[in-house]
Enquirer: 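If you scroll down you'll find the structure; I have some questions about it.
Order of the sequence lines fixes the chain letters, A, B, ..., with proteins taken first and strands second; residue numbering starts at 1 for each chain.
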There are 2 protein chains.
Amino acid sequence: MNLPPLIQAFVLHFGEMGSRWGINRTVGQVYAVIFLANRPVCADDLVDAVGVARSNVAMALKELQSWELIRLKHVPGERRDFYTTLDDIWAIVRKLVEQRKRREIDPTLTVLRELLMQSPASEEERFAQERMQEMHGVIELVTGWYDDIERLETERLVQLLSLGSKIVKALEWKDKLFVGKGARGKAKGAPAGEGD
Amino acid sequence: MNLPPLIQAFVLHFGEMGSRWGINRTVGQVYAVIFLANRPVCADDLVDAVGVARSNVAMALKELQSWELIRLKHVPGERRDFYTTLDDIWAIVRKLVEQRKRREIDPTLTVLRELLMQSPASEEERFAQERMQEMHGVIELVTGWYDDIERLETERLVQLLSLGSKIVKALEWKDKLFVGKGARGKAKGAPAGEGD
DNA sequence: CTGTTACTTCAGAAAATCCTGAAAATTCAG
DNA sequence: CTGAATTTTCAGGATTTTCTGAAGTAACAG
């Protein structure tokens, strides 16, 4: 591995975190190198930077392309393939959330829907289905919220995030003004107090 | 494995998803069984339900306790340890987010802070540090938002989620009323510092 | 064509992770 | 105390994942 110390530290960290993030060390390191580079990066650069076999780099690039986290960028006068990350950091965050949702949540949503269609054959199954219903409700609510929010342009999104829970004040305030006009959100899953 | 079909299907699914979620198959299956059960569950129940060695169940329980996703619940007249999940589904979601943040994000935040303190020794490092700064800003903004939101009581939280991006209408509206009072959000990629 | 450069595939080696059974430790009733 | 019930620990075998080097394919310049 052959990188300036500051960059190397970050790249090694991404490698270590890889397994927690559901990617492997090489994929993590390769992404880190591309992310920090101020120009498109080719496979040879990566072999040099992270010090693994070329075939391993090729597989990491394929994986990162399947996540749509890097894209091919041809460099004039170069025959080799060069890659960059998505340029805007917010585009990266959006893509990450989208992909993790697709891989970690959607399959479960599908299974839940299937199982909720079936008729329970016992009290035990009836209760289990109730729990599945709760889980289904929460996932639908949260992912539905994100699908909606995700369409906002970045500036609005940042505004919203900066506001944090102060948003609630605005709501209370609006509630007061609009009292009687309806428009209330309905709660799925028992809105009980904190479980402790 | 010895479970009613509906429950078994869910448990097997959780086992398969385990690797994507950063836990192993047994941990996933054990959690699923406890989650769907009508009553506290003991290690023997789990050995029976998921069909793995008792020591494996013990390790899975330890892991789930380290996530604080299950808790010990003593059953009167029983010497064995019984477990339940957190009762409220929202408490579960909150705990999951909290733990994944702790394991998947906080370490990176620490590294980023360290590396951002150092002085770049080259143009290459200077640019890399700029990228790290962008990443740091986004993570601070998003986690800061969550830390804030997370304190809301569940009913309010559900309300907020149900509203989705309609919330923005409320904001625009508030903007209009307060125009001239100086309350605009700014800072693309930059952290905190919102004014109100 | 032919040779060079670059990318991809893949079988099996290497490494990491998971799982088991046996043994040790703990808890508690008598 | 003793002994049964239960949980925990852990060495090493089983399985899965990652990584490599070699062979294969593709693109292209001369």
Enquirer: Got a salt bridge between A:Lys101 and A:Glu98, using NZ or NE/NH1/NH2 to carboxylate O under 4.0 Å?
Expert: no
Enquirer: Give, ordered by number, those residues of residues 48-68 of chain B having at least one heavy-atom distance below 4.0 Å to an atom of DNA chain C; if nothing qualifies, reply none.
Expert: B:Val52, B:Ala53, B:Ser55, B:Asn56, B:Met59
Enquirer: Between C:dA6 atom P and A:Arg80 atom CZ, what is the distance in whole Å?
Expert: 5 Å
Enquirer: For B:His74 and C:dT27, give me the distance from atom NE2 to atom P, rounded to whole Å.
Expert: 11 Å
Enquirer: Judged by modelled atom types alone, do A:Arg71 and A:Thr85 share a side-chain donor-acceptor pair under 3.5 Å?
Expert: no
Enquirer: Both A:Asp81 and B:Ile23 contact DNA chain C. Taking the nearest nucleotide for each, which residue is further toward the 5' end?
Expert: A:Asp81
Enquirer: Quick check on DNA chain C: between A:Arg25 and A:Glu78, whose nearest nucleotide comes earlier from the 5' end?
Expert: A:Glu78
Enquirer: Any base atoms under 4.0 Å from A:Arg79, or only sugar-phosphate, or nothing? Heavy atoms, all strands.
Expert: base
Enquirer: Shoot me the first and last contacting nucleotide of DNA chain D against chain B, ordered 5' to 3', at under 4.0 angstrom to non-hydrogen atoms.
Expert: D:dA4 to D:dC10
Enquirer: Salt bridge or not between B:Arg39 and A:Glu124? Use side-chain N to carboxylate O under 4.0 Å.
Expert: no
Enquirer: For B:Glu68, is there an ion pair with B:Lys95 - N to carboxylate O distance below 4.0 angstrom?
Expert: yes
Enquirer: Is B:Arg151 salt-bridged to B:Asp148, cutoff N-O under 4.0 Å?
Expert: yes
Enquirer: Tell me what A:Thr26 touches on the nucleic acid: a base, only sugar-phosphate, or nothing, going by heavy atoms under 4.0 Å.
Expert: sugar-phosphate
Enquirer: Are A:Glu140 and A:Arg113 close enough that some pair of their side-chain heavy atoms sits under 4.5 Å apart?
Expert: yes
Enquirer: Between B:Asp81 and B:Lys73, is there a side-chain N and carboxylate O pair less than 4.0 Å apart?
Expert: no
Enquirer: For the residue pair B:Ser165 and A:Arg156, confirm or rule out a side-chain donor-acceptor distance under 3.5 Å.
Expert: no
Enquirer: Whole-Å distance between C:dA6 P and A:Leu72 CG?
Expert: 15 Å
